[in-house]
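What follows is a single structure, written as structure tokens, with notes after it.
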2 protein chains.
Amino acid sequence: MPLPQTEIPGRLQTQLAERGIRMTDQRRAILSVIETAKKHLDASQILRKAQRIDASVDRSTVYRTLELLKRHGMIDELDLMHMKGEGHYYERKLGRDHIHMACLCCGKISEFVSEIFESLKHQLEQDCHFHILVSRLEVGGYCSACRR
Amino acid sequence: MPLPQTEIPGRLQTQLAERGIRMTDQRRAILSVIETAKKHLDASQILRKAQRIDASVDRSTVYRTLELLKRHGMIDELDLMHMKGEGHYYERKLGRDHIHMACLCCGKISEFVSEIFESLKHQLEQDCHFHILVSRLEVGGYCSACRR
DNA sequence: TTAAGTGCAAATATTTTGCTGTCAC
DNA sequence: GTGACAGCAAAATATTTGCACTTAA
């Protein structure tokens with residue numbers, strides 16, 4: 001299956017360069033891990049994978065880089081209903097926001113894109129005069145395979 | 001989405017009793033803090049307030065009670081975009097879900113009830129055959145007072 | 001009576017920070 | 001050359017757990 005990447009926002013490394021942000025071997029390793037991730041990763045998993053590319057990567061550099069990417073709106077931070085532990089998960093921010101559904105039975109995470117979600121955010125901006133920079137909709141429950 | 005069993009869900013203490021769950025002085029203190037809260041409280045704030053009612057309340061009892069209430073769907077756990085620290089906030093689950101908006105500038109938390117949000121959850125349940133037990137929509141951005 | 005609940009202390013988990021040395025630009 | 005970034009170690013924050021004692025039902 002091809003990557004579900006339609007908008008082609010260039011590589012993270014390029015995006016950072018465009019903003020005049022310094023590139024290091026450690027950042028390159030971390031960015032590449034995030035870019036090629038097949039599933040949602042937490043900070044420890046990102047660290048472990050990044051160290052396989054550059055063994056010198058330190059845990060604090062991972063956190064500092066995640067903070068940088070968040071600040072620039074290049075990644076989203078997820079909780080995934082805190083199904084295992086209190087940590088966070090990260091995913092690259094691509095074209096359109098999506099909803100995360102966490103099955104409390106089997107642990108599967110599904111994603112869902114909805115035009116209604118877009119309308120809702122629009123309504124919120126209009127009615128509340130609120131300028132949305134980041135949004136996160138997560139639901140927990142039972143997926144089609146687990147519900148009875 | 002099943003309608004809530006009662007529009008006016010008695011006191012938390014009563015709800016627990018109805019489920020045959022044992023009541024203690026410590027739980028009573030914690031429940032009363034949650035019930036009378038005027039704003040979103042985190043675990044430490046709940047502890048501090050509960051101790052003013054019953055000085056013997058321990059931090060671990062607070063966490064254990066929050067876990068109990070979550071499990072029974074009597075409270076919701078919020079992140080409020082983690083604006084200060086990584087902790088969680090709690091609020092009693094009443095009739096209708098609402099959206100939490102966190103202003104990244106002034107820190108104000110606003111709530112918003114939307115029929116579109118209800119439609120969105122309904123669409124999600126239909127289209128994904130997903131049975132929603134808990135949902136959380138949080139947005140971060142600039143409130144009407146802070147946007148320029 | 002007795003299973004559930006509690007405080008206490010210690011352990012875990014997650015993230016942040018101070019410092020000093022290094023490196024990208 | 002210099003300011004941004006790094007590793008390291010330690011601190012800070014947040015939550016969980018084991019255990020022996022207590023208590024609600």
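Naming convention: chains lettered A, B, ... in sequence-line order (proteins, then strands); numbering from 1 in each chain.
When the nearest nucleotides of DNA chain D are assigned to B/Lys84 and A/Asp25 by heavy-atom distance, the more 5′-ward of the two goes with A/Asp25. Nearer the 5' end of DNA chain C, as judged by each residue's closest nucleotide, is the contact made by B/Asp54, out of A/Glu67 and B/Asp54. DNA chain C is contacted by both B/Arg22 and B/Val57; B/Arg22 maps to the nucleotide lying nearer its 5′ end (nearest heavy atom per residue).
Residue B/His82 places none of its side-chain N or O atoms closer than 4.0 Å to OP1 or OP2 of C/dT15. Residue A/Gln26 places at least one side-chain N or O closer than 4.0 Å to OP1 or OP2 of D/dG7. Side-chain nitrogen and oxygen atoms of A/Tyr63 include at least one within less than 4.0 Å of the OP1 or OP2 phosphate oxygen of C/dT15.
Counting to the nearest Å, the P atom of D/dC5 and the CE atom of A/Met23 are 10 Å from each other. With rounding to whole Å, A/Ile21 atom CD1 is found 12 Å from D/dA6 atom P. Following rounding to the nearest Å, A/Leu16 (CG) and C/dC25 (P) show an atom-to-atom distance of 11 Å. In this structure, CG of A/Leu66 is placed 9 Å from P of C/dT16, rounded to the nearest angstrom. Look at CG on A/Leu68: it is 16 Å from C1' on C/dT16, rounded to the nearest Å. A straight line from CG of A/Asp79 to P of D/dT15 spans 12 Å, rounded to a whole angstrom. Straight-line distance from the CZ atom of B/Arg59 to the C1' atom of D/dT17: 15 Å, rounded to whole Å. In this structure, B/Arg71 places its CZ atom 12 Å from C1' of C/dG5, rounding to the nearest Å.
Using modelled atom types, one side-chain atom of A/Arg136 and one backbone atom of A/Glu77 make a donor-acceptor pair closer than 3.5 Å. In this structure, A/Glu138 contributes its side chain and A/Leu78 its backbone to no donor-acceptor pair below 3.5 Å.
Side-chain proximity of B/Ser60 to C/dC8, C/dG5, D/dC8: nearest is C/dC8. Minimum atom distance to the side chain of B/Thr24 is reached by C/dT6, of the listed D/dG7, C/dT15, C/dT6.
Inspection of the B/His72 and B/Glu67 side chains reveals no N or O donor paired with an N or O acceptor under 3.5 Å.
At the heavy-atom level, B/Arg64 lies under 4.0 Å from base atoms of the strands shown. Looking at heavy-atom distances under 4.0 Å, B/Arg27 makes contact with sugar-phosphate atoms alone, never a base.
For B/Glu35 and B/Arg28, the salt-bridge test fails: no basic side-chain N is under 4.0 Å from an acidic carboxylate O.
Separation of atoms NZ (A/Lys93) and CG (A/Asp76) is listed at 4.0 Å; rounding is to 0.5 Å.
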